[in-house]
2 protein chains.
Amino acid sequence: MSDRPSEAAVRAWARLERAHRAAVGTVEARLAGAGLPDLAWYDVLLELERAGTGGLRSFQLQAALLFQQYNLSRLVDRMTEAGHVAKAPSPDDGRGLVLTITRSGRALRRKMWPVYALAIEEAVGRHFTDAEARTFGDLLGRLHPSG
Amino acid sequence: MSDRPSEAAVRAWARLERAHRAAVGTVEARLAGAGLPDLAWYDVLLELERAGTGGLRSFQLQAALLFQQYNLSRLVDRMTEAGHVAKAPSPDDGRGLVLTITRSGRALRRKMWPVYALAIEEAVGRHFTDAEARTFGDLLGRLHPSG
DNA sequence: TCAAGATTGATGCAAGTGCATCTATTGGTA
DNA sequence: TACCAATAGATGCACTTGCATCAATCTTGA
């Protein structure tokens with residue numbers, strides 16, 4: 001925890017930054033070019049859609065996506081205003097909110113997916129064989145809490 | 001270019017987002033906790049220091065770091081104002097600027113490094129063996145233009 | 001050599017982010 | 001039960017980013 005990093009670790013870190021910037025740049029450009037909302041919106045929609053009718057509490061969504069609390073709070077505001085997300089008071093916790101995706105949110109996610117998918121292929125897929133992509137995904141998985 | 005991505009590619013992309021967010025979160029928190037400027041400042045300082053006395057043109061720095069043009073323009077403004085970067089008109093190109101790091105910029109980078117290094121170890125290094133970190137770095141390297 | 005187009009970097013304005021802090025509620029402890 | 005720390009989520013304010021566009025300069029090609 002308090003050791004200096006190895007050369008290899010420093011190189012990996014530096015490349016993580018560049019690779020991420022390049023990949024996100026490509027994907028955001030494709031989404032914007034198609035007149036679609038940005039990645040954060042997709043992330044929220046997907047996570048809420050996966051959660052099903054029960055929805056998710058704000059803090060769960062925040063933990064899943066690793067967004068900042070204040071950031072997510074305002075993002076959800078915007079998406080609620082746009083009609084893609086619904087907020088309801090939590091029955092279990094008077095402080096809390098339950099967030100669910102709306103029909104319009106599901107439609108938006110479906111509309112975004114084809115563009116997003118092509119962008120992922122362009123930004124990531126085409127650089128790897130399937131086996132490499134699996135290895136890459138495994139290594140990336142080590143870096144975040146949820147496994 | 002126009003194919004759908006494989007499952008493995010989509011998973012790798014999703015994990016790239018999460019891993020990056022987690023790692024950057026850790027590193028920014030350590031820098032901020034030590035009262036130091038953020039990552040972008042370090043990136044600029046390092047790149048300019050590597051460039052030596054000749055400095056770099058704005059567009060070169062932009063390409064190296066994959067920053068947005070308008071973003072870098074204003075970041076350099078702030079760093080110049082803080083005395084860490086010097087701007088000079090390019091002798092070869094009347095439109096252009098040559099950016100160099102100042103003595104104070106070098107000092108700042110040196111001061112940031114120990115904190116940054118520990119953060120890199122915490123965010124990345126400790127999750128991998130050296131061999132894994134090398135493999136990881138190689139795979140990441142595929143995703144950005146400069147090799 | 002001169003006009004048309006491309007490139008470099010800056011900037012006004014709107015939108016998003018980060019920080020600190022706030023209110024409301026909950027859970028733990030005495 | 002009554003208090004106090006902890007947690008959920010919202011928000012005011014300053015700063016940063018994104019978008020569109022600008023002015024200045026360079027390059028190309030007739």
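Note that the structure is a prediction, hence the values are computed from the model and not measured. Each chain gets a letter, A, B and so on, in the order the sequences are listed, and its residues count up from 1.
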Return the minimal non-hydrogen interatomic distance between A:D138 and B:R15, and the atom names on each side. CA-NH1, 4.0 Å

Using atom CG of A:D93 as one end and atom P of C:dT26 as the other, report the distance to the nearest whole Å. 6 Å

Minimal non-hydrogen separation, B:S104 against B:G83, with atom names: OG-O, 3.6 Å

Examine C:dA10: is either OP1 or OP2 under 4.0 Å from a nitrogen or oxygen in the side chain of B:K87? Give yes or no. yes

Let me know the distance between CD of B:E28 and P of C:dT17, rounded to the nearest Å. 15 Å

Along DNA chain C (nearest heavy atom to each residue), the more 5'-positioned of A:R95 and A:W41: A:W41

From the set C:dT8, C:dA10, C:dG18, return the single nucleotide nearest to any side-chain atom of A:Y70. C:dG18

Send over the distance from A:D38 CG to C:dA14 P, rounded to a whole Å. 20 Å

For the residue pair B:R30 and B:L118, establish whether any side-chain heavy-atom pair is separated by less than 4.5 Å. no

What's B:R74 touching, base or sugar-phosphate or nothing? Going by heavy atoms closer than 4.0 Å. base

Spacing of B:N71 atom CG relative to C:dT11 atom C1', expressed in whole Å: 13 Å

Any ion pair linking B:D93 and B:R57 (charged N to carboxylate O, less than 4.0 Å)? yes

Measure the shortest side-chain to side-chain distance between A:W13 and B:V24 over non-hydrogen atoms and say whether it is less than 4.5 angstrom. yes

Taking all heavy atoms of A:L143 and all of B:A22, pick out the closest pair and write down the distance. O-CB, 3.7 Å

Quick one: A:L75 CG to C:dG16 P, roughly how many Å, whole number? 9 Å

Using whole Å, what does the distance between atom P of nucleotide C:dT17 and atom CZ of A:F67 come to? 9 Å

Rounded to the nearest 0.5 angstrom, the CD-CG distance for B:Q69 and B:N71 is 9.5 Å

Using only atom types and a distance under 3.5 Å, with no angle test, would you say the side chain of A:R21 pairs donor to acceptor with the backbone of B:L66? no

Taken to the nearest whole Å, CD/A:Q69 to P/C:dG18 is 12 Å

When you match A:R78 and A:G94 each to their closest nucleotide on DNA chain C, which lands nearer the 5' end? A:R78

For the helix from C:dT1-D:dA30 to C:dA30-D:dT1, what angle separates the axis at the start from the axis at the finish, each from five pairs, in steps of 10°? 30°

Which atom names give the shortest non-hydrogen contact between B:A12 and A:L140, and what distance separates them? O-CD1, 3.4 Å

Please list, in 5' to 3' order, the outermost nucleotides of DNA chain D lying under 4.0 Å from any heavy atom of chain B. D:dT16 to D:dC26

How close or far is atom C1' of C:dG9 from atom CG of B:L61, stated in whole angstroms? 13 Å

